[in-house]
Amino acid sequence: MSPRTTSTSLDRLLASREIVVAGGPGGVGKTTTAAALAVMASVRANAKVLVITVDPARRLADALGVGGIGNAATRVPREAFVAAGVQPRGSLFAAMLDTKQSWDAFVRRQAPDKATAERILSNPIYQNISGRFAQGHEYIAMERLYEIHAEGEYDLVVVDTPPTREALDFLDAPRRMAEFFASRLLRWLVAPARSRLVSLASRPFYQVADRILGTQFLEDVGEFFLLFQSMYEGFVARARAVGALLRDEGTTFMVVTTLEAVPAHEAARFVAALAERRLHLGLLVANKVLPASLSDPEAAVVADALQARAAETAARLAEALGLGGDVARLTRVLEEIGRSFSNFELVASRQAELLAEMAKAHEVTATVPHLPGEVSGLGDLLEIGRRLFSAPGGRSSRG
């Protein structure tokens, strides 16, 4: 199967979806690609589009030219599009997950009553770890996505996730958090808060812990988990709802990768993880791909001939160009050109084979050759977006 993408096929994919989750290895241009996709979706369709990053890096705001984005979505000014030479049919908003703010809002929604919510929010343990504890960032990102979707304000939400390994945590966080709140570990942690009577078996541990950590610390830990356990039913219900949202027909995943060995392997692992979880895989973006012209068989024949006949060709060129005694130097240059092209041809051919194999798992595939320079504004994102939506042979990106 050869890689394929057309503006019609990508438009059709986005028109049938409400959420696009971008995943893949780090350092492959995933954030830029997610932003470019959202930019073009707002330009091409009469839609209200939100791009949100759960990656702590702040590249998204820089690329879109909006500063200080957080949980509250910030609109990309229409004037910025006009300045870049386009009249968008829709509108574009950007946001970045604020873990602490999102947890506070979640606690207020899920606590059984206002008094319990305030006790949780004022607990020293909660205040210190709510933005940092394991699985907390990933879980609240999924909760935030669910909340945004439930509000129904946007026609399309594009989610930029952390690199592959963390993205898998992102997918599994709701289930793992629900399992934790039903675990024996949590029951053990809240035991001192439930009763001043600690079993004889546990008493030596608590005596040592009390000497090292202090009574107040143990009480804060116990109270924190005891209060948090009161939201167990809300956690479980939301975990199931989020899982259903990810499997919903309105949600699809976009995998962004380069075709180098390590990133391609990570991307393949992510594709397999999505298939295992029965999540829809709609789009593959292969970034920084060598031009198709490098794998042209006829061009490869020319490169081989250039190496084999470098001395003869150099002598003729030296005479035609009046280079005289530079024949030896020109011979080395021609040999190196032919050898470099052959090396690139080999890599390009391997990339084409790998891409054809990876494309089998996706509805739409886009290849995006590397361009020099960094993305510095909306104009660059528009250029990348146009290439994403273009027909084969006309795609490019910066990563």
Is Glu336 salt-bridged to Arg339, cutoff N-O under 4.0 Å?
yes
Indicate yes or no for a side-chain donor-acceptor contact from Thr257 to the backbone of Ala286 under 3.5 Å, with no hydrogens or angles considered.
no
Are the side chains of Val51 and Leu37 in contact, using a 4.5 Å heavy-atom criterion?
no
May I ask you to decide if Gly282's main-chain N or O and Thr252's side chain share a donor-acceptor pair within less than 3.5 Å?
yes
Closer than 3.5 angstrom, by distance alone: can the side chain of Arg277 be matched with the main-chain N or O of Ala273 as a donor-acceptor pair?
yes
Please, which pairs that meet ring-ring contact (aromatic ring centres under 6.0 Å, His included) have at least one residue in residues 72-102, sequence neighbours excluded?
Phe93-Tyr154
Gap between atom CD1 of Ile19 and atom CZ of Phe253 - 0.5 Å precision
9.0 Å
Lys30 side chain to Asp160 main-chain N or O, any donor-acceptor pair under 3.5 Å?
no
Heavy-atom side-chain proximity of Val21 to Met254 below 4.5 angstrom
no
On a heavy-atom basis, the closest approach of Pro25 and Pro263 is CG-O, 3.2 Å
Between Leu330 and Ala314, which heavy-atom pair has the shortest distance, and what is it?
CD2-O, 3.4 Å
Regarding Asp248 and Thr251, is there a side-chain donor-to-acceptor distance under 3.5 Å anywhere?
no
Which residues satisfy the side-chain contact (heavy atoms from CB on, under 4.5 Å) test with Leu121, sequence neighbours excluded?
Asp104, Val107, Arg108, Glu118, Tyr126
side-chain hydrogen bond (donor to acceptor under 3.5 Å, both in side chains) against Thr258, all qualifying residues, sequence neighbours excluded:
Glu260
When rounded to the nearest 0.5 angstrom, what is the spacing between CZ in Arg386 and CE in Met40?
6.5 Å
Taking side chain as C-beta onward, heavy atoms only, is Leu274 less than 4.5 Å from Phe270?
yes
side-chain contact (heavy atoms from CB on, under 4.5 Å) test vs Val255 passes for just one of Thr365, Val285, Leu284, namely Leu284
Leu97 CG to Thr161 OG1 distance, which is reported to the nearest 0.5 Å:
12.5 Å
Should the pair Arg144-Glu147 be classified as a salt bridge under the 4.0 Å nitrogen-to-oxygen rule?
yes
Would you mind reporting whether Ser102 and Glu143 have side-chain heavy atoms less than 4.5 Å apart?
no
Looking only at heavy atoms, which two atoms of Val28 and Asn287 are closest? And how far apart?
O-ND2, 2.8 Å
Where the side chain of Glu335 meets the backbone of Ala310, is there a donor-acceptor pair that is under 3.5 Å apart?
no
